[in-house]
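For reference, the structure discussed in these notes is given below.
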Amino acid sequence: MTNLLMENLFIPSDTDNISLHLRHKRRADIQIFGSQRTILLMHGATLPAESLFDVPVGEGAFMDVLSREGFDVYALNVRGFGGSTRPDGMGGAPEAALPQVRTETAVRDLSTAVDYLLATLAIPRLCLIGMSWGGTVTGAYTAAHNDKVEKLTLIAPQWINDGVSRLDPGGPVPAYRRFNVQAFRQRWLEGAPEQKREEILPAGWFEQWAAVILASDPAEQDGVIRAPAGVIQDVRDYWSAGKAFYSPEKITVPVLLLHAEWDLDVTTQQMGNLFPRFLNAPYRRWTEIGEGTHMVVMERNRWQVLEEILIFLRTAPHSKG
């Protein structure tokens, strides 16, 4: 069994008294990785990085699989998530403050983490992987900083919808949402046929995931965690209003787009509209994965997500030149 090293880093953000949590995993027998084998993972709008990328199920946590394959793997929690500092607006009642952690703030936190890693590791670029809202954050960052990105992978990224988003419950947007972990199971599997639900989410996996996510917000009780609601305001201002938060045309690095067929949060049609927009990427690839939901990274068929990422990161340099 390959020996993996794990550490939790806490780095200063661009805001006083706000620190950012980076989880790091790598093989003990490799010391130098380089840009093509350094990965930074970015989570979505509700769930912290460890609940997507570091739950030990199946063949191992998402981060473990990538690390065992010889990659230097980091997972970022932007402010308001996991081990990162929660803004003051998340300390009171949800109605007591403006929506917390807008997407532009998350892009700044990602920028801070990228700059920290490039300087610490003495590499010019790294590979970014973003899921859902994380696809918006990594996409927007890459569009502005192509020179710092080796390759970009987007897993079920947000894109312009038909005016309605499952993420937006309607009504006034609070500072943060109270997310009921157990109640999420039904929503998670909603898009899958009834007879396939136990198959795509094997026995015990949900419980392991729930334990990790509940541990991410120990200040909350009764099976609930807090999630910043700034993303909901951004959904209303951009995606549901027919406006893109960033321009895929500005991305000039290789792009891999991954999506699962039973995803109700981001549809295959949305991916079809997004994919042609990466027209200035040196090369681009879109893989549609059968029998998976928006949470495919935590399901039985996540091996296909990992396999596609490994193929993408191992083949060809970051540009045609």
Side-chain angles (χ1 to χ4, degrees), residues 41-58 61-62 75 77-78 80-84 86 90 94 99-101 106 130-136 155-158 161 164-171 173-232 234-235 259-267 289 291-302 305:
L41 298 158
M42 174 64 206
H43 60 81
T46 307
L47 309 176
E50 58 268 34
S51 71
L52 294 170
F53 307 122
D54 204 23
V55 182
V57 294
F62 201 90
N77 276 315
V78 300
F81 291 84
S84 295
R86 285 167 176 76
M90 292 182 68
Q100 297 292 293
V101 193
M131 177 187 161
S132 193
W133 179 55
T136 299
I155 305 170
Q158 289 177 308
N161 58 48
V164 180
S165 168
R166 290 182 89 221
L167 191 62
D168 185 354
V173 182
Y176 61 94
R177 297 168 286 150
R178 284 196 166 103
F179 176 79
N180 187 308
V181 173
Q182 291 298 325
F184 182 64
R185 184 183 186 123
Q186 181 177 352
R187 180 182 175 87
W188 177 335
L189 297 170
E190 193 175 337
E194 188 88 37
Q195 69 274 18
K196 289 286 188 177
R197 293 177 184 178
E198 289 188 12
E199 189 177 327
I200 67 169
L201 187 59
W205 284 31
F206 182 86
E207 290 71 23
Q208 293 226 54
W209 168 83
V212 170
I213 192 170
L214 286 170
S216 75
D217 190 5
E220 280 292 322
Q221 304 293 328
D222 301 322
V224 171
I225 67 162
R226 293 167 293 170
V231 62
I232 297 177
D234 288 324
V235 164
H259 183 260
E261 67 168 325
W262 295 331
D263 189 338
L264 296 182
D265 294 87
V266 178
T267 66
I289 294 168
E291 300 195 351
T293 76
H294 193 63
M295 289 285 289
V296 67
V297 298
M298 265 299 303
E299 296 170 357
R300 183 202 63 187
N301 280 328
R302 71 192 184 124
V305 176

Working for salt bridge (charged side-chain N to carboxylate O under 4.0 Å, His left out), residues R187 and E190
CA-CA 5 Å; R187 180 182 175 87; E190 193 175 337; 5.5 Å; no
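- Not a single donor-acceptor pair under 3.5 Å links the side chain of R300 to the backbone N or O of V296.
- A donor-acceptor pair is defined here as one N or O able to donate and one able to accept, closer than 3.5 Å; such a pair exists between the side chain of R197 and the backbone of A192.
- Looking at H294, Q158, R166 one by one, the single match for side-chain hydrogen bond (donor to acceptor under 3.5 Å, both in side chains) with D265 turns out to be R166.
- When side chains are defined from C-beta on, M131 does not count as touching L47, because their heavy atoms never get closer than 4.5 Å.
- At least one side-chain heavy atom of E291 sits less than 4.5 Å from a side-chain heavy atom of E199.
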Output, in order, the C-alpha distance, side-chain angles, deciding distance and verdict of side-chain contact (heavy atoms from CB on, under 4.5 Å) for I200 and W262.
CA-CA 11 Å; I200 67 169; W262 295 331; 4.0 Å; yes
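- Side chain of N77 to backbone of P48: no donor-acceptor contact under 3.5 angstrom is found.
- One finds the CD atom of E261 at 9.5 Å from the CG atom of N301 (value rounded to the nearest 0.5 Å).
- Put simply, the side chain of R226 never gets that close to the backbone of Y176: no donor and acceptor are under 3.5 Å apart.
- Listed here is the closest heavy atom pair of A45 and V231: CB-CG1, 3.6 Å.
- Few gaps surround CD on Q195; more than 12 heavy atoms of other groups in view lie less than 6.0 Å from it.
- Between the side chain of E299 and the main chain of T293, a donor-acceptor pair closer than 3.5 Å is present.
- When all heavy atoms of M298 and W205 are compared, the pair lying nearest together is O-CE3, 3.4 Å.
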How far apart are the C-alpha atoms of H259 and T267, what are their side-chain angles, what is the distance that settles it, and do they pass the side-chain contact (heavy atoms from CB on, under 4.5 Å) test?
CA-CA 8 Å; H259 183 260; T267 66; 5.5 Å; no
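- Atom CZ of F62 sits about 4.5 Å away from atom CD1 of I155, to the nearest 0.5 Å.
- Taking CG of L52 as the reference point, atom CE of M295 lies at 5.5 Å (rounded to 0.5 Å).
- Residues A229 and R177 share a closest heavy-atom pair of CB-CG, 4.2 Å.
- Interatomic distance, CG of L214 versus CZ of F179, reported as 9.5 Å (0.5 Å rounding).
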W133 vs V78, side-chain contact (heavy atoms from CB on, under 4.5 Å): CA-CA, chis, key distance, verdict
CA-CA 12 Å; W133 179 55; V78 300; 4.2 Å; yes
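- Separating the OG atom in S216 from the CD1 atom in I225 is a distance of 4.5 Å, to the nearest 0.5 Å.
- Taking both residues in full, the closest heavy atoms of A210 and Q182 are given as CB-NE2, 4.0 Å, listed atom of the first, atom of the second, then distance.
- A pairwise comparison of heavy atoms in I213 and S51 identifies CB-CB, 3.9 Å as the closest pair.
- Here the closest heavy-atom approach between residue Q208 and residue P56 is recorded as NE2-O, 3.4 Å.
- In this pair, H43 and F81 present their aromatic rings tilted. The plane angle is within the 30 to 60° band.
- Atom CD of E198 is surrounded by 12 or fewer heavy atoms from other residues, nucleotides or ligands within 6.0 Å.
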